[in-house]
Amino acid sequence: MGFCDNQLESPPRRPPFFFFFFLPQMQIKDVQWFCKAVEMTSLHRAADALGVTQPALTKAVRRLEAEIGARLLERTPRGVAPTFMGQALLKQGLALGQWVNDTQALLGDLKHGAAGELRIGVVPALVESVLTPVLAELLDEGRGMRFHVSVQLSDMLLRQLEGGELDFAIAAIHPDRPMPGLSCMALGAQRSQVVARRGHALFRRRFTVQDLAAQPWALPPPNIALRTWVDAMFAEAGIGAVPAFVYTDATPAVFAQLVRRTPMLTVMTDDSLAAVGGQGLAALPAPAPVWTLQLGLFWRRSAYFSEAMERLRERIGRAFVQRKRLLAAHARVGPARRG
């Protein structure tokens, strides 16, 4: 376990210079409301999301335009969009919003010590094996910490983290995809394998990749790494794309019950296979491949690193060590139970 870069944590971020110039006239609330309008591309939807009336939101945008002396929003066929000046305000407004959140976290630390609320994102396969034991341990300590958990695939989690919606994300590390705004602590490997029900016909004979292609599959959409692995397996064997019986925008592990009841194949991580949902399922042997990626704990470099964040980071690291032991134990008994 180590760090993906040398920046482990950062002091609280200062608000950008832009706002030192404008803040005497501007209201932080108006800037935040403006950012929400840009995000939602609609004043009506943004007002609903903020819990305010549309006229109140419109007045907030007009106050900002009066202070700056330029239009900030314009109407397009897809809804409202920021003008050139609006884009500049949006960039600084997002930074200001994060600074406000960090400042609130800092003041909360000073007032309540170790207590506080943390927003953490995690890939589905690690909820049971990593996050659940960490949260159970922290709950037993009774320190008053609270958590908001987002369970998504890695790409969505990292977008949420970069957008300031999360404090931490446990997600896949992609060396070819630099993310200069994030720091990362490497946690360990995650293996994914082709999975079938125990007793599947393929366990009772030698098979080829062509035999795999002849089975029904449950797969995610093409833009997900897991799906690209499966497509590459068939492409290397000279087989075209295999249409899935079931497509899902979540992890295929949600269809574990369907795989148990049918000859369907899917791809699952070792974590999912070792969990309760993996009962009755097993990984197919070669030529079915094993895919491995590295997992990391990500956070924003510019964020205030609170005492609660430090404690959570340390517990997640320990949980991954325990996870490695449990997966090794499951791997030792797994082959004996196939068939």
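Remember, predicted model here, so these are calculated numbers, not experimental data. Along the sequence shown, the residues carry numbers beginning at 1.
The two atoms that bring Leu273 and Ala282 nearest to each other are CD1-N, 4.2 Å, heavy atoms only. Taking every heavy atom of both residues into account, Thr292 and Ala189 meet most closely at CG2-CB, 3.9 Å. Closest approach of Val267 to Ser192, counting heavy atoms only: CG1-CB, 3.8 Å. Contact detail for Ala125 and Ser272: the closest heavy-atom pair is CB-OG, 3.6 Å.
Under the 3.5 Å distance criterion, the side-chain polar atoms of Arg119 are left unmatched by any main-chain donor or acceptor of His148. Side chain of Glu65 to main chain of Leu72: a donor-acceptor pair is present (N/O by atom type, distance under 3.5 Å, no hydrogens or angles). Remark: the backbone N or O of Leu166 is paired with a side-chain donor or acceptor of Arg300 at under 3.5 angstrom. Under a 3.5 Å cut-off, the side chain of Ser129 and the backbone N or O of Arg323 do not form any donor-acceptor pair. Judged by distance alone, the side chain of Ser183 and the main-chain N or O of Trp299 form no donor-acceptor pair under 3.5 Å.
Here Arg63 does not pair with Glu67 in a salt bridge; the nearest charged N to carboxylate O distance is not below 4.0 Å. Looking at Arg159 and Glu162, no side-chain N of the basic residue comes within less than 4.0 Å of a carboxylate O on the acidic one, giving no salt bridge. Ion pairing of Glu310 with Arg313 is present here, as a side-chain N (NZ or NE/NH1/NH2) and a carboxylate O approach within less than 4.0 Å.
Taken together through direct or relayed side-chain contacts under 4.5 Å among Ile, Leu, Val, Met, Phe, Trp and Tyr, Met156 and Phe168 form parts of separate hydrophobic clusters. Follow the hydrophobic side-chain contacts under 4.5 Å out from Met40 and you never reach Leu43; the two are in separate clusters.
A donor-acceptor contact under 3.5 angstrom links the side chains of Asp211 and Thr208, judged on distance only.
Under the 4.5 Å side-chain criterion, counting only non-hydrogen atoms from C-beta, Leu118 is not in contact with Arg311. With contacts defined as side-chain heavy-atom distances shorter than 4.5 Å, the pair Ile120/Ile170 qualifies. Side-chain contact between Gln160 and Ser150: present, with at least one pair of heavy atoms (C-beta onward) separated by less than 4.5 Å. Taking 4.5 Å as the limit, some side-chain heavy atom of Leu138 sits within range of a side-chain heavy atom of Phe147. Residues Gln257 and Arg260 meet the side-chain proximity criterion, which asks for heavy atoms closer than 4.5 Å. In this structure, the side chains of Ile173 and Phe298 come closer than 4.5 Å at one or more pairs of heavy atoms.
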Under the side chain to side chain contact (heavy atoms under 4.5 Å, CB included) rule, what do Thr269 and Leu126 come out as? Steps first, then yes or no, please.
-> CA-CA 9 Å; Thr269 66; Leu126 298 179; over 6 Å; no
Chi angles and distances behind the side chain to side chain contact (heavy atoms under 4.5 Å, CB included) call for Met233, Leu212 | CA-CA 10 Å; Met233 171 182 69; Leu212 295 178; 4.0 Å; yes
Determine, step by step, whether Asp271 and Glu128 satisfy the side chain to side chain contact (heavy atoms under 4.5 Å, CB included) criterion, reporting the C-alpha distance in whole Å, the side-chain angles of both residues, the deciding distance to 0.1 Å, and the verdict.
-> CA-CA 8 Å; Asp271 297 88; Glu128 185 171 336; over 6 Å; no
Mind running side chain to side chain contact (heavy atoms under 4.5 Å, CB included) on Leu265 and Leu284 for me, showing each step along the way?
-> CA-CA 9 Å; Leu265 305 182; Leu284 288 167; 4.0 Å; yes
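Taking the six-membered ring where tryptophan is involved, the planes of Trp291 and Trp229 are essentially parallel, since the angle between them stays under 30° and well short of 60°.
With Trp33 as the fixed residue, the side-chain contact (heavy atoms from CB on, under 4.5 Å) test singles out one of Thr58, Val52, Leu64: Val52. Exactly one residue among Arg318, Arg315, Glu314 makes a side-chain contact (heavy atoms from CB on, under 4.5 Å) with Val134. That residue is Arg315.
Arg75 CZ: 12 or fewer foreign heavy atoms inside a 6.0 Å radius. More than 12 heavy-atom neighbours from other residues, nucleotides or ligands sit within 6.0 angstrom of CZ on Phe234.
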